[in-house]
Amino acid sequence: MDLRCAACGGACRPRLAGLYDDRYGLPGRFDLAECRGCGHRQLDAAFSDADLRRLYGEYYPRRAFAPADFTPHREAGGLRAWLDGARSSAYRWVPPKVRVLDIGSGIGQALAYHRARGCDAWGVEADENARQIAERHGLNVRIGTFDPAMFEAGSFDYVTLDQVIEHAIDPVGFLRGAASMLRAGGHAVLSTPNSRGVGAALFGKRWINWHAPYHLHQFSRASLHRMAREAGLEIASLRTLTNSSWLQYQWLHLATVQPPGQASAFWDPARSGRSLPRSAQRAAVLVHDLWLDHLATRAADAIGIGDNFLCTLRKPG
């Protein structure tokens, strides 16, 4: 395998073969490689910006989202929020009344949340389906893949990348561009899956966050540190903090996995044409209602093997 690591440039070796889109049914199989040096993992696949726009525009289920169904994120606190892992998302770490750029803003729920807290909030989203939602709700969203030329350099206090950096073709260049948006002393907050956590170890190829081919990269702690340095940022904190719902999603994912080229009844019921098995749904709800998902997730995060990295970075100055 003649593949170089996107994080450090080192040589890669095969890690997992035959991953496929087990959510939305994009045809094809993809192999995952691992860097011999920093442990970064990446798909052995080549995509252009146009390819990515097609992936998200045609296969992600936002195409069927009704703007009238839009609900902004709301504040969360207390014991229940801690058990839920509510602060696992990057947007939760943005203070009020700042200028914030959310790269990969999705349907804009975090932007509406920031706006309600007095922030000057802007977003970038590659999925064309987000346009009508942003227009309906008056959100400041630029449609297209992120380009630093979209905004004035050094004009934001915070940049957030919630489950985004793993989708980037060139994650180092992508983060460098995000860093250029920050004022001196500003912060970037990112969340991204941890493929060295308990989930990948337990569920193997059926782990929900391989999410091939949308997740092009799986970061290690070493590759996150390397990428931050290359982007001119300092890591202020790095830990695992995971939403407890991810484990519930994992059970339902296992119950609805289809062969390559077929959509899942859990992730994309409209395209699948199938119904979620009632027995699996009842079992997953029961486990969640008994807080077993929550306790398992909090325990994994406490020892640093949760499924989600939460990383805060600072721009020196």
For this output row, return yes or no: ring centroids of [X] and [Y] closer than 6.0 angstrom.
X	Y	answer
Tyr91	His73	yes
Tyr20	Phe30	no
Tyr214	His167	no

- prompt: Got a donor-acceptor contact below 3.5 angstrom from the Arg4 side chain to the Gly9 backbone?
  reply: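 Judged by distance alone, yes, a pair lies under 3.5 Å.
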query = Arg41 side chain to Leu16 main-chain N or O, any donor-acceptor pair under 3.5 Å?
reply =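 Absent.
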Could you grab the distance from atom [atom1] of [X] to atom [atom2] of [Y], nearest 0.5 Å is fine?
X	Y	atom1	atom2	answer
Leu19	Leu43	CG	CG	7.0 Å
His215	Asn209	NE2	CG	6.0 Å
Leu83	Asp293	CG	CG	11.5 Å

**Prompt:** Is the closest basic N to carboxylate O distance between Arg117 and Glu75 below 4.0 Å?
**Reply:**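 Judged by the 4.0 Å cut-off on N to carboxylate O distance, Arg117 and Glu75 do form a salt bridge.
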So that I can tick it off, tell me whether Arg239 and Asp301 are bridged by a salt bridge, with the cut-off set at under 4.0 angstrom between side-chain N and carboxylate O.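 Not counted as a salt bridge, because no side-chain N and carboxylate O are separated by less than 4.0 Å.
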For the residue pair [X] and [Y], what are the closest heavy atoms and their distance?
X	Y	value
Arg23	Ile208	NH2-O, 2.9 Å
Ala7	Ser223	CB-CB, 3.7 Å
Thr256	Pro277	CG2-CD, 3.8 Å
Gly39	Arg196	O-NH2, 2.7 Å

(message) Can you classify the ring geometry of His40 versus His217 as parallel (below 30°), tilted (30 to 60°) or perpendicular (above 60°)?
(response)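 Ring orientation of His40 relative to His217: tilted.
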Parallel, tilted or perpendicular: rings of Trp291 and His294 (30°, 60°):
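Ring orientation, 0 to 90° scale: tilted.
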Query - Side-chain H-bond candidate by donor/acceptor type, Gln262 with Arg274, under 3.5 Å - result: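 The criterion, which ignores hydrogens and geometry beyond distance, is satisfied for Arg274 and Gln262.
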Compute both the distance and the angle, then confirm whether Arg142 meets the cation-pi test with Phe151: under 6.0 Å from the six-membered ring centre, within 45 degrees of the axis.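 The answer is yes, since Arg142 meets both limits relative to Phe151.
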Tell me whether the guanidinium CZ or amine NZ of Arg87 lies under 6.0 angstrom from the six-membered ring centre of Trp82 and within 45° of its axis.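 Here Arg87 fails the 6.0 Å and 45° test against Trp82.
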